[in-house]
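Counting starts at 1 for both ligands and their atoms, in listed order.
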Amino acid sequence: MTPHIDSATLQTLLERLTEDAARCFNEGKVADYIPALAKVDPDQFGIAVCHVDGSVQYAGNARTRFSIQSISKVHALVLAMQRLESDEIWTRVGREPSGQAFNSIMQLEVENGIPRNPFINAGALVITDLLVSRIVSIQNTLREQLRRLSGSDDIGFDEKVARSEMDHKARNASLAYLMQAYGNVHADVDDVLDTYFHSCSVEMDCVELARSFAFLANRGVNPLDGKQVVTTLETRQINALLLTCGLYDAAGDFAWRVGLPGKSGVGGGIIAILPGQMSICVWSPRLDGYGNSIAGRHALEGLVAGMGLSPLG
Ligand code: GLU
């Protein structure tokens with residue numbers, strides 16, 4: 001796929017998408033089931049792209065940090081794939097879309113405590129359990145990985161968000177205890193939850209997030225330092241999972257509208273990958289009923305249409 005858009009045209013497009021985003025500011029609402037997240041100003045929008053040569057372009061509130069929430073599930077999976085044998089991971093978590101809400105418990109009981117994929121909460125809890133059991137300081141390891149990938153040395157956790165999630169842990173704790181009962185969570189449940197909530201509480205901005213995902217557009221190589229993060233095969237596998245499972249139970253609709261591998265978080269961020277070209281991050285806190293950013297999804301649709309570039313044709 002050759003680039004169809006030069007950087008000046010792309011910049012104009014990013015700015016137009018930012019202006020258009022304000023039209024979505026009367027729809028949806030911020031995630032308030034985590035009280036610390038409810039405090040964010042809902043009417044913000046940022047967009048950033050990181051090209052495979054490492055250069056970035058951005059518009060709107062792209063330098064405002066926000067809670068990355070479930071976007072961290074991708075980085076947790078990457079840590080697991082870097083450290084564990086394939087069987088150790090994929091016997092404990094599946095690779096199929098769930099068709100259920102991100103925090104649903106129903107399917108888990110029917111399917112004997114094996115979550116459908118690593119990007120729903122139950123799946124991320126299993127990945128966290130695997131990591132907690134193998135890596136001494138998983139929180140530091142994750143933070144270092146994010147700092148390295150994004151080139152920002154001061155990325156960290158928002159302790160208030162992590163605590164707020166722990167104070168309202170009932171549903172995630174239920175998922176973890178159910179999986180423990182099925183023998184699919186081994187570590188102490190509160191340790192797993194604390195680590196998982198810290199991963200979700202990481203604060204980054206659109207530019208940093210786009211940079212931290214550029215390796216998935218670049219055959220597994222981080223353009224910032226030229227280091228191989230995952231193999232080319234693993235890159236394709238992660239992108240396949242993002243395309244089929246990255247947007248909760250709206251993954252099919254997102255693939256239909258946007259046609260890119262992506263991952264959303266209830267903080268209002270969405271990352272998307274245009275293989276061979278760029279990684280993209282959009283952020284706007286108002287969410288639809290699936291927990292996905294409304295203005296973010298609209299902007300990604302507009303970006304793909306405006307660039308005329310899609311891996312799906
Ligand atoms: N920390 C959130 C939770 O566990 C993550 C949800 C999300 O972003 O999908 O509910």
At under 4.0 Å between heavy atoms, is it the side chain or the backbone of [X] that contacts ligand 1, or both, or neither?
X: Glu165; result: side chain
X: Cys200; result: side chain
X: Asn172; result: side chain
X: Asn121; result: side chain

Review point. Polar-atom distance check: Ser264 versus ligand 1, any N or O pair below 3.5 Å?
Key: no
Any idea which protein heavy atom is nearest [atom], and the distance to it?
atom: atom 4 (O) of ligand 1; result: Tyr196 OH, 2.8 Å
atom: atom 7 (C) of ligand 1; result: Ser70 OG, 2.6 Å
atom: atom 9 (O) of ligand 1; result: Tyr248 OH, 2.2 Å
atom: atom 10 (O) of ligand 1; result: Tyr33 OH, 2.6 Å

Review point. Which heavy atom of Asp154 sits nearest a heavy atom of Arg65, and at what distance?
Key: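 For Asp154 and Arg65, the tightest heavy-atom pair comes out as OD1-NH2, 2.8 Å.
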Practice item. Measure across Ser279 and Ile273 and return the closest heavy-atom pair with its distance rounded to 0.1 Å. Key: CB-CD1, 4.1 Å
Practice item. Give the cluster check for Val202 versus Leu216: same hydrophobic cluster or not, with ILVMFWY residues linked at side-chain heavy-atom distances below 4.5 Å. Key: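 Yes: a chain of side-chain contacts under 4.5 Å links Val202 to Leu216.
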Point to revise | Remaining members of the apolar cluster that contains Tyr33, side-chain heavy atoms under 4.5 Å | key: Ile34, Leu37, Phe102, Val161, Tyr248, Val266, Leu287
Check your understanding: Could you walk me through whether Lys160 and Glu203 pass the salt bridge (charged side-chain N to carboxylate O under 4.0 Å, His left out) check?
Key -> CA-CA 11 Å; Lys160 276 205 209 81; Glu203 289 215 290; over 6 Å; no
Point to revise | Arg286/Glu27 ion pair, N-O < 4.0 Å | key: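 Looking at Arg286 and Glu27, the cut-off is not met.
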Check your understanding: Should the pair Arg211-Glu208 be classified as a salt bridge under the 4.0 Å nitrogen-to-oxygen rule?
Key -> no
Check your understanding: Is a side-chain donor or acceptor of Asp32 paired with a backbone partner of Ala38 at a separation under 3.5 angstrom?
Key -> no
Revision key, fill the gap. In ligand 1, the atoms that come under 4.0 Å of a heavy atom of Gly265 are 8 (O)
Point to revise | Atoms in ligand 1 flagged as close to Gln69, the criterion being non-hydrogen separation under 4.0 Å | key: 1 (N), 2 (C), 5 (C), 8 (O)
